[in-house]
Protein chains: 2
Amino acid sequence: MSLRAIIDKSLGDRPAAKGRIRQRQEGAILKAAEKVFARAGYQGATLNEIAETAGVPKPTLHYYFSSKEALYRAVLDNILALWLAETDTLTVDADPAAALEHYVRAKMRLSAERPDASRVFANEILHGAGHIGDFLRSELRELVRDRADVIARWVADGRIAPVDGTHLFFTLWAATQTYADFDSQICAVLGKARQTAADHARATDHVLTVVMRTCGLPWPRTDVPPTLPEARHTCST
Amino acid sequence: MSLRAIIDKSLGDRPAAKGRIRQRQEGAILKAAEKVFARAGYQGATLNEIAETAGVPKPTLHYYFSSKEALYRAVLDNILALWLAETDTLTVDADPAAALEHYVRAKMRLSAERPDASRVFANEILHGAGHIGDFLRSELRELVRDRADVIARWVADGRIAPVDGTHLFFTLWAATQTYADFDSQICAVLGKARQTAADHARATDHVLTVVMRTCGLPWPRTDVPPTLPEARHTCST
DNA sequence: GTCTATAGACGGATAGAC
DNA sequence: GTCTATCCGTCTATAGAC
């Protein structure tokens with residue numbers, strides 16, 4: 001896993017050593033940039049708005065990041081690290097139901113807690129992935145191949161129903177990220193101004209249902225000892 | 001269904017009567033605009049590039065469409081009509097398996113044949129649906145409520161497994177549209193330059209598997225008389 | 001290291017010839 | 001109805017004072 005390499009690469013085009021103030025400033029700028037890029041896209045975002053959101057004068061951006069492009073790359077690199085996380089539970093030796101549940105919950109949590117990150121990523125892919133094509137074709141492709149092999153092994157061993165591992169990932173990503181990326185549509189259909197915690201719980205439960213039934217696994221899980229909290233269905237209103 | 005009204009509305013801000021040349025020009029412009037908006041987003045698209053793609057001088061755009069905004073609206077309105085289509089097979093009296101299969105196949109076909117339309121729509125939602133919020137909150141919301149009621153009725157009658165109808169739509173849309181919207185990611189992971197017909201067939205088969213198993217329906221369908229062609233699994237290489 | 005002021009490029013829109 | 005030439009606004013990026 002060259003995750004560290006990816007992060008390091010993202011730091012490459014910024015000055016090497018970090019002072020305290022520098023870290024704080026960069027953090028604030030990156031956070032603001034993610035927000036603005038998420039709402040407006042790359043071209044739609046203006047450095048002016050990012051600077052305003054971050055609470056710094058505009059030229060300060062250019063001091064820390066050489067260009068709009070470089071800032072965008074830095075935002076993307078942070079997101080890629082998030083994106084690769086949580087896949088390590090999907091191993092041949094793991095319990096399929098527990099491992100899948102963990103991964104789905106992690107993805108749903110990411111959608112709920114970092115929707116802007118998800119949207120920036122989605123926007124990048126939607127417009128051809130010009131900045132992260134190499135990442136997709138190398139790191140991500142390898143990761144999916146490995147995990148799809150695990151799925152195939154589970155299928156071969158009769159531990160889950162026959163399913164294409166690669167496409168299962170496509171479906172799983174789509175189903176989880178839609179709650180962040182297409183939030184405005186979700187809210188419109190649900191007739192709400194924004195998704196609540198209860199909505200999120202219901203959505204998670206639904207996606208888990210889809211994934212588990214697709215894999216022929218019992219759901220709600222029946223083999224779970226009382227070590228876990230009993231209230232699995234958290235679909236209160 | 002005010003689908004007609006939506007289309008008519010889209011024609012509203014253009015001159016009423018249509019000459020042959022006018023229709024041809026507008027068609028070419030709309031087609032080019034969809035392509036450019038899909039690749040670059042609203043802000044990223046330039047009238048220059050749209051004019052070039054359409055093969056007309058730039059001011060001609062302004063003759064047919066009063067502004068970039070108006071052109072974008074016209075493109076969106078065409079897409080909304082596509083988007084609402086094919087839901088009428090989902091009725092209480094229909095066979096759940098056949099109706100769901102029809103809808104999923106229609107959505108997958110749309111992703112394969114009109115990926116740019118799907119991407120423009122996705123981009124619009126992704127950035128807050130500022131132009132089509134009213135549509136989402138009225139037409140789409142009503143449509144989903146009606147269809148979710150059908151799903152609920154099927155569940156109540158024991159014809160499909162218990163599932164949240166509204167979220168089933170979210171999942172279904174996400175799973176089908178991901179093959180158009182996130183094409184660059186799909187291709188990167190599959191290690192191909194572009195999705196082939198065989199890829200599309202395999203994807204369709206997978207999504208149908210997911211939806212059918214989620215609804216507790218047999219798949220591949222067992223109740224289909226020999227009126228349909230036998231080769232259902234078209235996953236050739 | 002930080003900010004004001006501005007240069008330079010570009011895109012949307014229009015005036016006016018044909 | 002169609003296109004050439006151009007205006008005006010906005011945005012990225014930088015020069016230079018502090």
Side-chain angles (χ1 to χ4, degrees), chain A residues 11 13-76 120 123 127 130-131, chain B residues 11 13-76 120 123 127 130-131:
Chain A
L11 303 177
D13 39 12
R14 297 181 247 162
K18 305 284 175 137
R20 248 179 305 282
I21 17 94
R22 173 174 288 272
Q23 277 191 327
R24 256 185 31 88
Q25 290 278 55
E26 283 188 1
I29 292 171
L30 285 170
K31 189 177 164 189
E34 181 178 289
K35 191 175 188 173
V36 176
F37 280 130
R39 188 176 59 251
Y42 179 74
Q43 313 259 8
T46 68
L47 295 184
N48 222 320
E49 194 180 353
I50 294 174
E52 212 167 302
T53 306
V56 304
K58 191 177 9 172
T60 302
L61 300 187
H62 282 97
Y63 178 73
Y64 289 108
F65 300 92
S66 57
S67 67
K68 183 184 187 181
E69 169 88 14
L71 175 56
Y72 181 64
R73 289 296 304 246
V75 170
L76 269 183
V120 171
N123 190 64
H127 296 109
H131 299 85
Chain B
L11 304 177
D13 37 14
R14 297 180 247 162
K18 305 285 173 137
R20 249 178 306 281
I21 17 93
R22 174 174 287 273
Q23 276 192 327
R24 254 185 32 88
Q25 290 278 57
E26 283 189 1
I29 292 170
L30 284 171
K31 189 177 163 190
E34 182 178 289
K35 192 175 189 173
V36 176
F37 280 131
R39 189 174 59 249
Y42 178 74
Q43 314 259 8
T46 68
L47 295 184
N48 225 320
E49 193 181 354
I50 294 174
E52 212 168 300
T53 306
V56 303
K58 185 169 32 163
T60 301
L61 299 186
H62 281 97
Y63 177 73
Y64 288 108
F65 301 91
S66 57
S67 67
K68 183 184 187 181
E69 168 89 12
L71 174 56
Y72 180 65
R73 290 295 305 246
V75 170
L76 269 184
V120 172
N123 190 64
H127 296 110
H131 298 86

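Proteins come first, then strands; the chains are lettered A, B, ... in the order of their sequence lines, and each starts at number 1. These figures come from a predicted structure and were not determined experimentally.
In this structure, CZ of F37(A) is placed 13 Å from C1' of dC11(D), rounded to the nearest angstrom. Straight-line distance from the CG atom of L47(B) to the C1' atom of dT14(C): 13 Å, rounded to whole Å. Rounded to whole Å, the distance from CD on Q43(A) to C1' on dC10(C) is 12 Å. One interatomic measurement links the two molecules: CZ of F65(A) to P of dT12(D), which rounds to 15 Å at whole-angstrom precision. Distance I50(B) CD1 to dA13(C) C1': 14 Å, rounded to the nearest Å. The distance between atom CD1 of I29(A) and atom C1' of dT2(C), rounded to the nearest whole Å, is 12 Å. If you measure from atom NE2 of H62(A) to atom C1' of dA7(C), you get 13 Å, rounded to the nearest angstrom. Note: CD (E69(B)) to C1' (dG11(C)) measures 16 Å, nearest angstrom.
Between T46(A) and the phosphate of dC11(D), there is no side-chain N or O to OP1/OP2 separation shorter than 4.0 Å. Residue Q25(A) places at least one side-chain N or O closer than 4.0 Å to OP1 or OP2 of dT2(C). Contact annotation: Y63(A) side-chain N/O to dT2(C) OP1/OP2 distance is not under 4.0 Å.
Judged by the 6.0 Å and 45° rule, K68(B) forms no cation-pi pair with F37(B).
Side-chain contact check for E49(B) versus R39(B): some heavy-atom pair is nearer than 4.5 Å. Residues Y72(B) and V120(B) have side chains in contact (heavy-atom distance under 4.5 Å, counting atoms from C-beta outward).
Comparing dT12(D), dA5(C), dA13(C) by their closest approach to the side chain of K68(B) singles out dA13(C). Comparing dA13(D), dA13(C), dT4(C) by their closest approach to the side chain of K58(A) singles out dA13(D).
As judged by a 4.0 angstrom heavy-atom cut-off over every strand, P57(B) is placed among residues touching the sugar-phosphate backbone only. Residue contacts shown for A51(B) are absent, as no nucleic acid heavy atom lies under 4.0 Å away.
In this structure, Q25(A) CD and L30(A) CG are separated by 11.5 Å, a value rounded to the nearest 0.5 Å.
Between A28(B) and A54(B) the shortest heavy-atom distance is O-CB, 3.9 Å.
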